[in-house]
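What follows is a single structure, written as structure tokens, with notes after it.
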Amino acid sequence: ILRQTQKKFGSRAVMVGIVVGFGLILTGFKPHGKGLVLGTLFSVINFVLMGEMLSMRLAGNRKTASLRAFSSICLRYALLAVPLIAAVKLESIHILGVVFGLFMIQLLLIVDGLGKFNPFLKR
């Protein structure tokens with residue numbers, strides 16, 4: 001079920017990021033669109049890594065599991081810093097687009113959750 005969830009939200013995030021990013025580029029907001037696509041790609045990579053490292057963190061004794069969990073968090077934060085640093089260094093990538101892209105998975109998870117609890121939808 002983990003891989004299905006990763007595939008579902010990862011593919012949706014990439015699709016939304018590319019479509020909205022392309023729309024921003026077409027409307028003259030090229031740095032914003034590039035930042036959104038870049039942030040979305042790193043968000044999806046982070047989401048997949050989080051799922052893959054989940055089983056590793058649970059194995060072993062408490063000290064080993066804690067060290068693995070901490071290492072996983074540090075690695076994923078370093079990964080998420082890459083597009084932010086690129087946005088700060090390069091004028092061709094807007095930081096606001098990157099930030100929205102980095103939160104793309106979370107936004108889609110919230111939207112999906114809200115859709116499931118809509119009292120007007122019959123399921």
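Just so it is clear, the model here is predicted, and its values are computed rather than measured. Computed over heavy atoms, backbone and side chain alike; hydrogens, waters and symmetry mates excluded.
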Task: Where T40 and A13 come nearest, the two heavy atoms and their spacing - done: CG2-O, 3.2 Å

Open item on the list: Is there a path of hydrophobic side-chain contacts, each under 4.5 Å between heavy atoms of I/L/V/M/F/W/Y residues, joining L2 to V48?
Closed with: no

Task: Close side-chain approach of Q4 and I1, heavy atoms under 4.5 Å - done: yes

Task: Gap between atom CG of L38 and atom OG of S92 - 0.5 Å precision - done: 9.5 Å

Task: Single-linkage hydrophobic cluster, 4.5 Å side-chain cutoff, V19 and I25 together - done: no

TODO: Would you indicate whether the side-chain heavy atoms of P31 and E91 approach each other to under 4.5 Å?
DONE: no

TODO: Would you name the heavy atoms of V37 and I18 that are closest together and state the gap between them?
DONE: CG2-CA, 4.2 Å

TODO: Following the transitive rule for hydrophobic clusters with a side-chain heavy-atom cut-off under 4.5 Å over Ile, Leu, Val, Met, Phe, Trp and Tyr, establish whether L96 and V20 coincide in one cluster.
DONE: yes

- [ ] Find out if a path of hydrophobic residues (ILVMFWY) with successive side-chain heavy-atom gaps under 4.5 Å connects V82 to I95.
- [x] yes

Task: CZ-CD distance between F47 and Q106, expressed to the nearest 0.5 angstrom - done: 8.5 Å

- [ ] Measure the spacing between CD1 of I110 and CZ of F103 and express it to the nearest 0.5 Å.
- [x] 10.0 Å

Open item on the list: I'd like to check L24 versus K30 (side-chain heavy atoms, cut-off strictly below 4.5 Å). Are they in contact?
Closed with: no

Task: Passing candidate, side chain to side chain contact (heavy atoms under 4.5 Å, CB included) with M104, options V44, L36, V14 - done: L36

Task: Side chains of R12 and K7 in contact at under 4.5 Å (non-hydrogen atoms) - done: no

TODO: Say whether F100 and M15 are linked into one hydrophobic cluster, either directly or through other cluster members, by side-chain heavy-atom distances under 4.5 angstrom.
DONE: no

Task: Exercise: do S43 and N46 side chains pair donor with acceptor under 3.5 Å - done: no

- [ ] On the 0 to 90° scale, with breaks at 30° and 60°, tag the H94-H32 ring pair as parallel, tilted or perpendicular.
- [x] parallel

Open item on the list: Can you confirm whether more than 12 heavy atoms, excluding those of F9, are under 6.0 Å from its CZ atom?
Closed with: yes

Open item on the list: Within the structure provided, determine whether Q6 and E52 are in side-chain contact (heavy-atom separation under 4.5 Å).
Closed with: yes

Task: Nearest-0.5 Å distance, CE of residue M53 to CZ of residue R68 - done: 11.5 Å

Open item on the list: Do D112 and L108 have side chains that approach each other closer than 4.5 Å (heavy atoms only, starting at C-beta)?
Closed with: no

Open item on the list: To the nearest 0.5 Å, what is the distance between CG on L84 and OH on Y77?
Closed with: 12.5 Å

Task: Inter-residue atom distance L109.CG - K8.NZ, 0.5 Å rounding - done: 9.0 Å

Task: L90 side chain reached by I93 side chain, heavy atoms, under 4.5 Å - done: yes

